Structure formats: C-alpha cells, structure tokens
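What you see is a predicted model; the values in this text were computed from it and never measured.
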Amino acid sequence: MYYHGVVNGLVDKKVLDILDKREICSAARLGLTKRIGFNENDYISICSNMGEEVYSTGVNSAFNKYIKNRFCFVIDDSIEVFKPVYIPDASSMGAIELFNLKRNNPDKRFSDIIDEYQAKDFIPFDKVVAIGIPYNLEVQNGEIRLSNFCTLTVDEFLSLIKKVEDCADRLGIKVVDSSSPEFDLMFEDKKNKK
C-alpha cells in the first residue's frame, strides 16, 4: 500500500477538497505552480511503510512524519509510481547543487525521504482503499493543531471527522484510526518495499 498524508496548510480544507474532487492532485493540476521541493509541480508525494527495522535507524521517514497521527489516504499499490533516488544528505546540499543534480539527471527523480514514492499528476479515488483519521490528537486549551496554519476547536474537529466519515461511507471507503498504535500493521506492505 501507499499513503498520502495531508499535513501542511489548511488541513481541514485540503482533506475536504480531496474528497470533493475525488482525486489527489499535483500542485500543477490544482493551479499551484510555484511550489518547490523534490516532488515539484507535477508529482504527488506518497510513501510506503518500510517497517520499524528501517525506521529505527533514524532515517528521514514520510510514514512516521506525515502519515501516522495525520489525516491520510491509503492507496492501492497498483498505481504507477516513481521511486526517487534517495539522497540522505540533501538537507546539507545547497540549492544550486540540488538544482544541478536535477538538471544533469533529467530522467531521475530525487528525494531526501527514504520511503517516498511519487505519482504523476493525480491519483484517482477508485485507488483509495481507506482514509486515515487521527482520532486521538492532543487537545490543548480546547483546540487541536493539525498544522502550523490549522488549529480547530474540538467542535470543529469533530465536525470535520463527521464530514470525512460520512463521505467515506457514501463512497464505500474504509475509515481507519491513523493515531492507533496498530495503524502501522493495518496495511502491512507486501514484504516491506525496500
């Protein structure tokens, strides 16, 4: 299985937009073409669960950082993806060095996250097998923080959960608890892609 986490910006709006559009879109497909990063404008960052044996080494991991305890979409592994070349020291590379690396290797994709894969343009909703909802997030001062730019009151959070659950029910998509300790094992990846 692959996973796509919704973690930055207005998380509640992004989750509802994905459900409304019935697809997970690249920045370019959404008309947002000024984004930078390894997935650039035309690719969607997704990941696989590589397992604790890999993650315990301290590598930069999307599954632990962007999927667990987050709103996320679990995606069937039959979609076409690209496995970027893993560059563990990318954070110490300068912008020009990274730019030249990409320019000199136009047939390759790169990432500083070990379990990242990338899908081009969009992921259709018929490939989404489950929606992860972080039911057990910490409440501080009556609010729940979903990102640096998205804090909801408890009532707003519960309303968002209800909307997501209702939409998943209408679409026949399973809902899972991404904050559960068992979440790692719910969709154990086939032989933990390495």
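Of the possible polar contacts, one joining the Asn104 side chain to the Asn100 backbone as a donor-acceptor pair under 3.5 Å is found. Judged by distance alone, the side chain of Lys83 and the main-chain N or O of Glu116 form a donor-acceptor pair under 3.5 Å. Checked by atom type and distance alone, the side chain of Asn60 pairs as donor or acceptor with a backbone atom of Asp112 at under 3.5 Å.
No path of Ile, Leu, Val, Met, Phe, Trp and Tyr side chains, each step under 4.5 Å between heavy atoms, connects Leu146 with Leu10, placing them in separate hydrophobic clusters. Under the 4.5 Å side-chain heavy-atom criterion for grouping Ile, Leu, Val, Met, Phe, Trp and Tyr, Leu158 is connected to Val6 within one hydrophobic cluster. Tracing side-chain contacts under 4.5 Å through hydrophobic residues (I, L, V, M, F, W, Y), one never reaches Tyr43 starting from Tyr2; they form parts of separate clusters.
Taking the six-membered ring for Trp and thresholds of 30 and 60 degrees, Phe63 and Phe183 have nearly parallel ring planes, at less than 30 degrees apart.
A cation-pi geometry, defined here as NZ or CZ lying under 6.0 Å from the six-membered ring centre and within 45° of its normal, holds between Arg29 and Phe122.
Scanning all heavy atoms of the two residues, the minimum distance from Ser178 to Arg70 falls at OG-O, 2.6 Å. Shown here for Val54 and Ile114, the closest heavy-atom pair between the two residues is CG1-CD1, 4.1 Å. Contact detail for Val175 and Ala168: the closest heavy-atom pair is CG2-CB, 3.5 Å. The nearest pair of heavy atoms linking Ser61 to Tyr55 is OG-CE2, 3.3 Å. In terms of heavy atoms, Met1 sits closest to Asp76 at SD-CA, 4.0 Å. The two atoms that bring Ile46 and Ile79 nearest to each other are CD1-CD1, 3.9 Å, heavy atoms only.
Looking at Asp155 and Thr153, their side chains never bring a donor and an acceptor atom within 3.5 Å of each other. For the 3.5 Å distance criterion, the side chains of Ser26 and Lys120 fail to qualify, holding no donor opposite an acceptor.
Taking CG of Leu137 as the reference point, atom CD1 of Ile161 lies at 8.0 Å (rounded to 0.5 Å).
With sequence neighbours excluded, the residues that form a side chain to side chain contact (heavy atoms under 4.5 Å, CB included) with Glu143 are Thr151.
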side-chain contact (heavy atoms from CB on, under 4.5 Å) between Lys14 and Asn8, worked out: CA-CA 9 Å; Lys14 288 181 175 184; Asn8 297 317; 4.1 Å; yes
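At a threshold of 4.0 Å, the pair Arg170-Asp166 does not count as salt-bridged, since none of the basic side-chain nitrogens sits closer than that to a carboxylate oxygen.
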